[in-house]
Number of protein chains: 4
Amino acid sequence: MSKKNDILKSALKLFADEGFSATSTSKIANSAGVSEALIFRHFKNKNGLLEAILKEGEEKARLLFADIVFETNPLKVIEKTLELGEKFMASKEVADFWKLQYKIKWELEQYGEQKMEPLEIALTNAFKKLGYEEPKREACYLLTLMDGMATRFFLQKSYDLKLETEYLRKKYKQ
Amino acid sequence: MSKKNDILKSALKLFADEGFSATSTSKIANSAGVSEALIFRHFKNKNGLLEAILKEGEEKARLLFADIVFETNPLKVIEKTLELGEKFMASKEVADFWKLQYKIKWELEQYGEQKMEPLEIALTNAFKKLGYEEPKREACYLLTLMDGMATRFFLQKSYDLKLETEYLRKKYKQ
Amino acid sequence: MSKKNDILKSALKLFADEGFSATSTSKIANSAGVSEALIFRHFKNKNGLLEAILKEGEEKARLLFADIVFETNPLKVIEKTLELGEKFMASKEVADFWKLQYKIKWELEQYGEQKMEPLEIALTNAFKKLGYEEPKREACYLLTLMDGMATRFFLQKSYDLKLETEYLRKKYKQ
Amino acid sequence: MSKKNDILKSALKLFADEGFSATSTSKIANSAGVSEALIFRHFKNKNGLLEAILKEGEEKARLLFADIVFETNPLKVIEKTLELGEKFMASKEVADFWKLQYKIKWELEQYGEQKMEPLEIALTNAFKKLGYEEPKREACYLLTLMDGMATRFFLQKSYDLKLETEYLRKKYKQ
DNA sequence: TATGAATGAGACTTCATTCAT
DNA sequence: CATGAATGAAGTCTCATTCAT
């Protein structure tokens with residue numbers, strides 16, 4: 001794999017573990033086994049590196065969401081949304097990626113609403129079809145809950161994401 | 001007000017707005033209108049300053065939680081928990097304090113579970129009294145949801161905390 | 001003498017000898033026997049250091065020019081202007097200061113016309129009193145010549161400023 | 001035109017505008033539309049590039065001076081010398097070349113006396129023929145003046161080289 | 001001839017912290 | 001209690017240059 005990729009991988013891991021500000025470019029270079037200067041040659045500056053990582057991530061997220069957005073069965077839309085959380089745990093790298101997303105949200109105070117919009121619309125439609133009185137609100141409610149679950153999952157070691165997802169699943173099956 | 005307090009206030013605001021790592025002691029000193037050295041005289045080092053802020057905060061949180069913990073009417077326990085969120089917005093300083101709590105959680109990856117334990121126990125008891133099948137799980141569920149609501153409130157400008165709380169309230173009244 | 005002054009002195013010497021761009025802040029710190037950080041504490045950045053030196057210089061120049069500007073005898077105005085050149089050589093530090101002025105002019109392409117204006121006006125008046133047909137032009141001519149003499153004096157080792165000044169003096173006595 | 005020439009042209013412009021130290025090889029490569037490595041292939045290093053530019057320039061200067069040096073009519077020698085200044089303005093590229101000459105003089109503190117010697121000798125002879133008492137001094141005087149005029153022309157936007165040359169011409173016609 | 005990838009050295013600057021007063 | 005002077009270490013980034021292709 002190319003050195004540029006090594007940098008991206010190391011940076012993702014370090015940003016996710018220690019935060020953007022707290023991770024120095026020299027630490028990234030060290031961990032990637034490249035010279036510090038190479039980071040700047042490839043990404044212009046530290047922010048450029050972050051942006052490259054986030055852009056890569058947006059693509060991944062789009063793919064993940066696409067599966068939900070194009071689902072027509074409302075029950076399946078909800079089910080697939082619930083499964084999203086469990087996908088966080090698929091691999092160390094995927095988990096790092098999502099952890100970074102949340103960490104960055106807090107560090108830079110950008111919520112990135114537009115990224116979630118298609119998902120919210122899909123959920124709103126699903127709840128509408130299922131006869132919910134306030135489908136838009138319920139969609140927001142579920143997504144907010146999932147933000148909470150992510151918070152717990154990444155920050156509270158004792159949190160059991162699977163069990164909690166199961167409980168939520170039951171609620172929506174009533 | 002004392003200079004020590006000026007420092008605490010400025011640091012709270014800056015840590016909450018820009019994060020701990022990204023806030024330099026010189027910025028704090030500047031914003032507080034004191035010399036940088038005074039920070040170190042009062043708090044030993046930058047970490048000491050953070051700890052002082054967090055300790056101050058724990059007290060405030062304890063007070064806030066006490067009201068809920070000693071409540072015996074289960075419906076009121078839930079209602080008061082829901083009201084907690086709206087208290088975030090009471091004043092700029094209170095909001096900053098809570099924002100900092102969340103920011104620090106993500107920056108230092110300490111969830112501080114023990115702080116929330118009394119609240120979780122109180123909620124568990126309340127749900128038990130109300131005949132919920134899995135009261136402990138429901139308590140965790142509600143607190144997780146509130147973490148999500150906090151995330152949205154602090155990071156997503158368009159989020160309407162009052163409306164969402166209202167929706168949640170209705171759910172628990174069914 | 002204060003460390004701040006040591007920095008100014010070292011910087012003046014180095015900027016004058018090697019140019020602004022080619023002189024690193026670490027070289028200045030070394031030569032002044034202080035930490036590099038102190039430069040930034042006192043002058044904000046490398047440009048601030050240059051500005052401080054130039055501002056100090058403007059004062060010196062103003063004093064030097066004042067003597068000429070308030071002279072009423074036209075012959076003496078010219079004589080004192082001619083003497084200006086010889087004052088470049090008064091001491092190593094004064095010479096460094098004037099060398100820096102010229103070096104900076106070329107490096108940053110700022111001529112600083114307004115600094116010379118009072119002198120040009122004084123000379124124009126002197127030549128008018130002496131009956132020159134184009135006094136303003138003659139003033140400009142003399143000052144331009146002195147720029148040339150400075151160029152030679154600072155850059156051409158074999159240039160004998162005293163002899164050349166003597167020759168010029170004769171010209172104006174005709 | 002060859003890429004080697006593109007580099008020379010861009011470097012001349014940039015060195016003349018921003019100085020040698022302040023111009024990075026990457027800026028030159030960028031502005032010339034070539035890779036940075038090509039500069040080093042053609043000129044070994046940054047200094048080699050400067051030397052190539054200066055050598056190219058020496059040739060141009062030699063040609064310019066030759067016309068004066070081989071002139072036998074003393075009045076024409078003076079007239080042609082005066083015209084030299086106006087030739088600075090012939091084209092942007094010629095002006096850049098002369099600006100660079102002066103800039104480099106100041107940046108590297110090399111006056112390059114030997115380049116001017118033939119001109120000085122020619123002028124000395126001319127003034128001798130015209131009966132000046134100190135012909136060598138007068139030659140030096142005129143050349144110094146022209147250095148002053150160059151300084152003004154390149155650094156002082158409001159300087160009117162043509163008018164000043166005209167004034168000088170009158171002086172020598174008296 | 002021409003380039004893209006790569007780098008060691010060093011540039012400017014900021015940081016948290018100490019100390020004398 | 002409060003500050004201004006001072007600094008070592010580290011931070012981000014640029015520089016001239018090399019090398020494989």
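For the numbers below, each heavy atom of this structure counts, side chains included, while hydrogens, waters and symmetry mates do not. Here is the naming used below: chain letters follow the sequence lines, and residue numbers restart at 1 for every chain.
- Considering only side-chain N and O atoms, A:Ser26 lies under 4.0 angstrom from the phosphate OP1 or OP2 of F:dG11.
- The interatomic distance linking C:Asn45 (CG) with F:dC13 (P) rounds to 17 Å, in whole Å.
- Counting 5' to 3', DNA chain E first comes under 4.0 angstrom of a heavy atom of chain D and last does so at the ends given by E:dT1 to E:dG4.
- Residue order along DNA chain E, read from the 5' end via each residue's closest nucleotide, puts A:His42 first among A:His42 and B:Ala22.
- Residue B:Lys4 is the one, among B:Lys4 and A:Phe20, whose nearest nucleotide of DNA chain F lies closer to the 5' end (criterion: closest heavy atom).
- With respect to the salt-bridge test (charged N to carboxylate O, under 4.0 angstrom), the residues C:Lys55 and C:Glu58 do not qualify.
- Using a 4.0 Å cut-off between charged side-chain N and carboxylate O, B:Glu109 and A:Lys103 make a salt bridge.
- For D:Lys44 and D:Glu51, the salt-bridge test fails: no basic side-chain N is under 4.0 Å from an acidic carboxylate O.
- If you check every strand for non-hydrogen atoms under 4.0 Å, B:Ser2 touches nothing.
- Using a 4.0 Å heavy-atom cutoff across all strands shown, B:Thr23 reaches sugar-phosphate atoms only and no base atom.
- Side-chain contact between C:Leu50 and C:Leu108 is present, with at least one heavy-atom pair separated by less than 4.5 Å.
- We find that CZ of B:Phe40 is positioned 14 Å from C1' of F:dT3, with the value rounded to whole Å.
- Between the side chains of A:Thr23 and A:Glu18, no donor-acceptor pair of N or O atoms lies under 3.5 Å.
- A residue-by-residue look at A:Lys46 and C:Leu38 shows that C:Leu38 has its nearest nucleotide of DNA chain F further toward the 5' end.
- Atom pair A:Arg41:CZ and F:dT14:P shows a separation of 11 Å (rounding to whole Å applied).
- The distance from atom CG of D:Leu49 to atom P of F:dC15 is 15 Å, rounded to the nearest whole Å.
- Within the 3.5 Å criterion, the main-chain N or O of B:Ser21 finds a donor-acceptor partner in the side chain of B:Glu107.
- Within residues 6-18 of chain B, no residue is approached by DNA chain F to less than 4.0 Å at the level of any non-hydrogen atom.
- In this structure, D:Glu36 atom CD and F:dC15 atom P are separated by 9 Å, rounded to whole Å.
- A 4.5 Å side-chain heavy-atom check between A:Trp106 and B:Thr151 finds at least one atom pair inside the cut-off.
- Residues A:Tyr102 and A:Leu155 form no side-chain contact, since every pair of their non-hydrogen atoms from C-beta on lies 4.5 Å or further apart.
- Between D:Asp17 and D:Lys99, at least one side-chain nitrogen of the basic residue sits less than 4.0 Å from a carboxylate oxygen of the acidic one, meeting the salt-bridge criterion.
- No more than 12 heavy-atom neighbours from other residues, nucleotides or ligands sit within 6.0 angstrom of NZ on C:Lys157.
- Residues C:Lys27 and D:Lys3 both approach DNA chain E. Their nearest nucleotides, taken by heavy-atom distance, put D:Lys3 toward the 5′ side.
- The closest side-chain heavy-atom distance from A:Gln101 to A:Leu54 is below 4.5 Å.
- The residue D:Ser24 sits close only to the backbone: its heavy atoms come under 4.0 Å of sugar-phosphate atoms, none of a base.
- By the 6.0 Å and 45° rule, A:Lys46 stacks over the aromatic ring of A:Phe20.
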Its dot-bracket string being built from Watson-Crick and G-U pairs below 3.5 Å, with | for another strand and [ ] for crossing, DNA chain F has the pattern .||||||||||||||||||||
